[in-house]
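Below you'll find the structure, written out as structure tokens, and then a few comments.
This one's a predicted model, so the numbers in the text were calculated from it and none came from an experiment.
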Amino acid sequence: MALPGLAVLLILICCSMTTDHAISDPDPPIKNLRIDPERKRLVWDQHGNVSEIGCYVNSKILRKATKNPYCTLGDLSCEVKNYTVKVMKGQPFSDWILYPKQGNPRAAADNLTCRVHDVDQLSCSWAVGEEAPADVQYQFYLEQSVETWQCPKYTQNQQGVNVQCHFDSISLQPQRQAQFRFLVNGTSGDSEIPCRVMIHRLQEIEILAAPNITKKWCNENDSFMEWEVRSLFTEDIKYELEIQKGTDLAYKEETELKSLRLRNPGPYTVRVKAMDSLFFGRRPPGQWSAPQHLDCGSKNASFPFWLVYLLAPLGALLLVGLVFLCRRWPVVQKLFPRVPHVKDPVGDSFQNERMMAWDPEQESQEECPVVQVQVLGEA
């Protein structure tokens, strides 16, 4: 802790030796030097004929300002730095400020952690600084380039201090590989509170969601399972499988496919986890899917989905055919008339039959061969 304080002290002494003009000049060319944190600029009010001003950070040249009374800084650090401006053409003049204002580092938010989870949600948490004052309050910001998003939803501890931030959706940030700043500022009526920052790509802090099982079937000879995983920030994904067959010990294997096929599987249980195939060692582990149990070879084994897809159209076609035949029943009767049968005068009932007398001598409208039948006797 002594070395940073010594460095700041040396910067103050050095800068105090170069700011005599700022103190002695009653009408300096540069006034009101300040930091604009929203635009990330070093800004000043300019007077007189000054054509070129140099901007320095910790005594190192950053850039020159020739027309505008500001210098763009980029991301602002939570460490105290010296920001200096110097007139480079004309009468020598310089001025400087320290930013952010010094405070107790142990009052800043501690243990800042952020995770992308459930595809498009971002959650960040931190602890209250060990030496933070009683009235401390923290604010969270997500920054990328010139854009800044304030925390939309806080969670507070029992003392009413913000200790968590949650974004319901971050799908509007399309920069898959961009660096994001996760910033926690502190405020207090009693003292200055330093900020806390971490920088990551969203892919590096993403917890991949559990795979969604979309298809599974099996029989005594073969089994098949398929799944999918959604991610807005990770493209190269591989999968870890944990398989347990019967009462055997579970074993693990990795695959880049989105499916699993086993021969002669028998009853088994499997679960799947997604991993970043490039940076899996430096990322938080993904979530396991719910265990999937398949009792292959039993009467209750899962019915093959492909067979359902095949039989469904055939059943629909058969139903359409039956409906068509029912509507065309009179045509069917004409094409396939009923074959008449000889009535048994003893056994058959004639109550509901329409009968007519037949005269063999009378000509019929239809010339059909007729054979007379005589009853010779009863057996």
Side-chain angles (χ1 to χ4, degrees), residues 1-23 28 30-45 53-63 69-86 93-114 124-143 148 150-151 157 159-163 165 181-199:
M1 297 300 292
L3 291 178
L6 180 59
V8 172
L9 180 60
L10 291 176
I11 292 174
L12 290 174
I13 296 174
C14 176
C15 293
S16 64
M17 297 174 63
T18 62
T19 57
D20 292 338
H21 294 283
I23 298 174
I30 296 175
K31 295 181 180 179
N32 193 22
L33 184 63
R34 61 199 182 274
I35 296 289
D36 183 349
E38 293 185 359
R39 298 183 179 181
K40 300 177 182 179
R41 292 175 176 176
L42 178 62
V43 185
W44 59 87
D45 298 332
I53 296 176
C55 298
Y56 298 78
V57 179
N58 286 349
S59 301
K60 294 182 179 180
I61 184 68
L62 177 64
R63 57 178 47 91
Y70 63 83
C71 283
T72 302
L73 300 175
D75 293 332
L76 298 174
S77 173
C78 288
E79 298 178 359
V80 179
K81 292 185 178 181
N82 176 279
Y83 296 87
T84 302
V85 291
K86 293 182 180 181
F93 179 85
S94 64
D95 196 5
W96 60 272
I97 60 173
L98 295 177
Y99 186 89
K101 295 181 180 180
Q102 282 186 293
N104 183 357
R106 297 175 66 85
D110 194 18
N111 193 26
L112 175 59
T113 304
C114 292
C124 294
S125 62
W126 56 90
V128 177
E130 294 182 1
E131 299 181 8
D135 66 338
V136 69
Q137 187 57 279
Y138 298 105
Q139 295 82 32
F140 179 87
Y141 301 90
L142 177 65
E143 300 178 344
T148 299
Q150 296 185 8
C151 178
N157 61 11
Q159 288 72 37
V161 182
N162 298 332
V163 292
C165 174
R181 297 179 79 242
F182 305 85
L183 176 67
V184 180
N185 283 332
T187 57
S188 171
D190 298 332
S191 60
E192 296 291 338
I193 307 297
C195 62
R196 183 76 67 187
V197 67
M198 57 181 282
I199 300 176

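The two residues Cys55 and Val85 have their closest heavy-atom pair at SG-CG1, 4.2 Å. Scanning both residues, Ile193 and Pro133, for their nearest heavy atoms gives CD1-CD, 3.7 Å. Of all heavy-atom pairs between Glu143 and Leu183, the closest is OE2-CD2, 3.7 Å. Here the closest heavy-atom approach between residue Arg34 and residue Asn32 is recorded as NH1-O, 2.7 Å. When all heavy atoms of Arg196 and Ala108 are compared, the closest pair comes out as NH2-CB, 3.8 Å. The two residues Val161 and Val136 make their nearest non-hydrogen contact at CG2-O, 3.7 Å.
Ile30 is not listed as a side-chain neighbour of Asp45, based on a closest heavy-atom distance of 4.5 Å or more. Asp36 has its side chain out of reach of Tyr70: every pair of non-hydrogen atoms, C-beta onward, lies at least 4.5 Å apart. Val43 places none of its side-chain heavy atoms less than 4.5 Å from the side chain of Pro69. Side-chain contact check for Cys114 versus Met198: some heavy-atom pair is nearer than 4.5 Å.
A donor-acceptor contact shorter than 3.5 Å links the side chain of Gln137 to the backbone of Asn162. A donor-acceptor distance shorter than 3.5 angstrom exists from the side chain of Asn58 to the backbone of Asn82, with no hydrogens or angles considered.
How far OG of Ser188 is from OH of Tyr138: 9.0 Å, rounded to the nearest 0.5 Å. Between the OH atom of Tyr83 and the CG atom of Leu62 there is a distance of 9.0 Å, given to the nearest 0.5 Å. In this structure, the separation between CZ on Arg39 and OG1 on Thr72 is 10.5 Å, given to the nearest 0.5 Å. Summarising the geometry, atom CG belonging to Leu42 is positioned 5.5 Å from atom CG belonging to Leu73; distances are rounded to the nearest 0.5 Å. Atom-to-atom distance recorded for Thr187:OG1 and Glu192:CD is 10.0 Å, nearest 0.5 angstrom. Annotation: the span from Glu79 atom CD to Tyr99 atom OH amounts to 14.0 Å, rounded to 0.5 Å.
Disulfide criterion (SG-SG under 2.5 Å) for Cys151 and Cys165: met.
With hydrogens and angles left out, the side-chain atoms of Ser77 and Asp75 include no donor and acceptor closer than 3.5 Å. Side-chain contact, Gln139 with Asn185: no donor N or O sits under 3.5 Å from an acceptor N or O.
Under a cutoff of 6.0 Å and an axis angle of 45°, Lys86 and Tyr56 form a cation-pi pair.
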**OP:** For side-chain contact (heavy atoms from CB on, under 4.5 Å), just list the numbers for Asp135 and Asp190, CA-CA rounded to whole Å, side-chain angles, deciding distance to a tenth of an Å, and then say yes or no.
**Re:** CA-CA 8 Å; Asp135 66 338; Asp190 298 332; 3.8 Å; yes
Original post:
Step by step, would you call Val128 with Asp110 a side-chain contact (heavy atoms from CB on, under 4.5 Å)?
Top reply: CA-CA 6 Å; Val128 177; Asp110 194 18; over 6 Å; no
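The 12-atom threshold is exceeded at NZ of Lys31, counting heavy atoms of other residues, nucleotides or ligands nearer than 6.0 Å.
Using cut-offs of 30° and 60° on the angle between ring planes, the pair Phe140 and Trp126 is parallel.
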